[in-house]
Every structure is written in C-alpha cells, then in structure tokens.
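Computed from a predicted model, the values in this text were never measured in an experiment. All heavy atoms count here, side chains included; hydrogens, waters and symmetry mates do not.
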Amino acid sequence: KYLNTKFLNVAARHNGGGCKATYSQDYYPIDKAIDGVTTGHEGWAYHGRLDKAVAMFTFKQQYRVSRFRLLSGIGRFTDHHVTAFQVWYTNAT
C-alpha cells in the first residue's frame with residue numbers, strides 16, 4: 001500500500017527524492033525509507049546501532065516544506081519505533 005495524501009511527498013523516490021545512511025541493517029536499506037510502502041515489515045533499519053543511525057534525505061529541487069511526517073514502527077506493537085530524532089536542513093545545493 002502506498003502513502004495516500006493530498007500533500008506532495010517530496011522525499012519519496014517516485015517524486016525524485018533520494019537518501020543516504022551512515023549504516024543500514026542487512027535487508028533493510030535506507031532506500032526502503034522513501035519507497036512509499038507503508039505496510040508489512042519494510043523500511044530502513046540500523047540494527048540498534050544508535051551511534052550510526054544517521055540518514056540524509058534529499059529532494060530533486062527546492063521546496064517550501066510546511067509539514068513533516070515521520071512514520072515509525074508501522075505494524076510493530078512494542079518495538080522498532082523511533083524514540084527521538086533531530087532534523088537539520090539546508091537549502092545548499
């Protein structure tokens with residue numbers, strides 16, 4: 001199932017978004033974070049390595065971003081949820 005919203009998901013791969021991570025767990029690469037799939041046990045994982053859990057998301061062009069939505073632990077009940085995060089941004093090319 002793909003994310004359905006009236007807002008443009010500028011980070012999504014199908015909208016030209018890209019991403020990189022300092023570390024990805026086997027079978028859960030960072031690309032899963034922007035593929036639009038929100039069901040099942042998909043997504044980016046970092047094997048609990050909080051010291052390496054850094055991801056960078058890029059857009060194909062500059063956008064005025066008015067909303068930010070982070071989906072975490074979909075389909076999981078007691079584990080695999082983001083408990084804290086920081087956002088940095090730049091308009092540098």
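Other residues, nucleotides and ligands place no more than 12 heavy atoms under 6.0 Å from the OH atom of Tyr89.
Going from atom CG of Leu8 over to atom CG of Asn15 covers 4.5 Å, rounded to the nearest 0.5 Å. The distance from the NZ atom of Lys60 to the CZ atom of Arg13 is 14.5 Å, given to the nearest 0.5 Å.
Residues Val65 and Arg67 share a closest heavy-atom pair of CG1-O, 3.3 Å.
Counting side-chain heavy-atom gaps under 4.5 Å among Ile, Leu, Val, Met, Phe, Trp and Tyr, the cluster of Tyr46 also holds Tyr23, Ile30, Ile34, Trp44, Leu50, Phe57.
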